[in-house]
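The sequence lines fix the lettering, A, B, ..., with proteins before strands; numbering per chain opens at 1. Not measured: the values here are computed from a predicted model.
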Number of protein chains: 2
Amino acid sequence: MIENEIFRALADPTRRAIFEKLATGGMNASTLREGMEISQPAMSQHLSVLRGAGLVREERQGRFVNYQVDPEGLALIAQWLAIYRAYWPARMEALKVLLKDMDQ
Amino acid sequence: MIENEIFRALADPTRRAIFEKLATGGMNASTLREGMEISQPAMSQHLSVLRGAGLVREERQGRFVNYQVDPEGLALIAQWLAIYRAYWPARMEALKVLLKDMDQ
DNA sequence: AAATCACATAAGCGCATGCTTATCTGTCTC
DNA sequence: GAGACAGATAAGCATGCGCTTATGTGATTT
């Protein structure tokens with residue numbers, strides 16, 4: 001069950017930070033590590049978890065590995081969330097705007 | 001940081017099951033426990049975590065405590081997710097429908 | 001007020017998780 | 001091919017987490 005791996009992956013703040021940084025644009029593990037106080041093995045392990053959850057894709061480029069956000073994982077969260085749309089407050093302007101954007 | 005508590009709360013499959021059951025309608029802890037193989041203290045602890053994450057509200061009713069989904073937590077996930085809308089695949093029909101609904 | 005019921009809290013335990021250091025694999029450069 | 005570099009994997013360790021049993025608290029019933 002991948003849904004479980006997604007939520008578990010995002011439960012760790014360091015992993016969310018990595019994912020969020022990656023969302024600004026694809027980059028390799030070393031670049032990703034810049035500015036973050038995290039060891040190389042730790043980064044590698046986190047990326048592995050994110051990859052297993054379908055939140056991140058990897059692509060070998062010579063001796064670098066380029067990582068980027070994988071839409072699949074995000075889509076699964078969105079679907080999970082959509083089930084509970086009845087509970088979202090009507091005043092959620094940000095989401096409304098989002099939906100308008102998508103509807104075009 | 002509550003965002004962290006939300007993701008952590010949802011990372012546990014038992015807790016997601018409780019939340020999902022609660023989404024079908026508010027009920028007290030004992031009713032919630034029916035059909036789920038979970039001890040009374042475990043249920044109480046899970047509900048406490050969900051409450052701390054803003055995913056669930058509680059309301060004393062005599063010697064029962066009625067629990068129900070709290071939209072606040074869901075809204076925060078939705079907002080977090082919305083940041084990454086650029087990555088959502090265009091073919092996400094379910095979400096499109098959802099947005100249309102909300103836009104009315 | 002005594003017993004019962006719904007639920008919360010406390011304490012302890014086993015296992016998962018995230019980190020560390022050390023080492024391995026694969027690719028590039030010279 | 002030897003060294004350097006990017007990254008993965010292994011092993012060990014400390015902490016966190018979810019469970020259990022036991023007990024506490026507040027409300028209801030008789």
Please report, rounded to the nearest Å, how far the [atom2] atom of [N] is from the [atom1] atom of [X].
X: B/Phe7; N: C/dG18; atom1: CZ; atom2: P; answer: 15 Å
X: A/Met27; N: D/dA6; atom1: CE; atom2: C1'; answer: 16 Å
X: A/Met43; N: C/dC19; atom1: CE; atom2: C1'; answer: 14 Å
X: A/Phe64; N: D/dA4; atom1: CZ; atom2: C1'; answer: 12 Å
X: A/Leu47; N: D/dA8; atom1: CG; atom2: P; answer: 7 Å
X: B/Gln61; N: D/dG26; atom1: CD; atom2: C1'; answer: 16 Å
X: B/Glu59; N: D/dG26; atom1: CD; atom2: P; answer: 19 Å
X: A/Asn28; N: D/dC5; atom1: CG; atom2: C1'; answer: 12 Å

Do the side chain of B/Gln40 and the base of C/dA8 come within less than 3.5 angstrom through a donor-acceptor pair of N or O atoms?
-> yes

Less than 3.5 Å between a donor and an acceptor, one on the side chain of A/Gln45 and one on the base of C/dT20, is that the case here?
-> yes

So, does A/Arg51 use its side chain to make a donor-acceptor pair with the main chain of A/Ala53 at under 3.5 Å?
->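 Absent.
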
Check: A/Arg60 side chain, A/Gly62 main-chain N or O, donor-acceptor pair, under 3.5 Å |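 Here the side-chain-to-backbone pair exists.
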
Can you tell me how far the CD atom of B/Gln45 sits from the CZ atom of B/Arg15, to the nearest 0.5 Å?
->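 One finds 10.0 Å between CD of B/Gln45 and CZ of B/Arg15.
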
If you compare every side-chain N and O of [X] against the phosphate oxygens of [N] (OP1, OP2), does one of them come in below 4.0 Å?
X: B/Tyr67; N: C/dA8; answer: yes
X: A/Thr14; N: C/dC19; answer: yes
X: B/His46; N: D/dC17; answer: no
X: A/Arg63; N: C/dT25; answer: no
X: B/Ser39; N: D/dC19; answer: no

May I ask you to say what A/Arg15 touches in the nucleic acid, namely base, sugar-phosphate or nothing, with a heavy-atom cut-off under 4.0 Å?
->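 Sugar-phosphate, no base atom in range.
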
Using a 4.0 Å heavy-atom cut-off across all strands, classify A/Arg33 as base, sugar-phosphate, or nothing.
->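 Touches nothing.
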
[X] side-chain proximity, nearest of [options]:
X: A/Arg60; options: C/dC7, C/dT27, D/dT20; result: C/dT27
X: B/Ser44; options: C/dC7, D/dC17, C/dT21; result: C/dC7
X: A/Val65; options: D/dT9, D/dG7, C/dC7; result: D/dG7

Is there a donor-acceptor contact under 3.5 Å linking the side chains of B/Asn4 and A/Arg16?
-> yes

Closest-nucleotide 5' rank along DNA chain C - winner of A/Ile38 and A/Gly62 | A/Ile38

Check: B/Leu10 and B/Leu55 side chains under 4.5 Å, non-hydrogen atoms | yes

B/Glu58 versus B/Gln68: any side-chain heavy-atom pair under 4.5 Å?
-> no

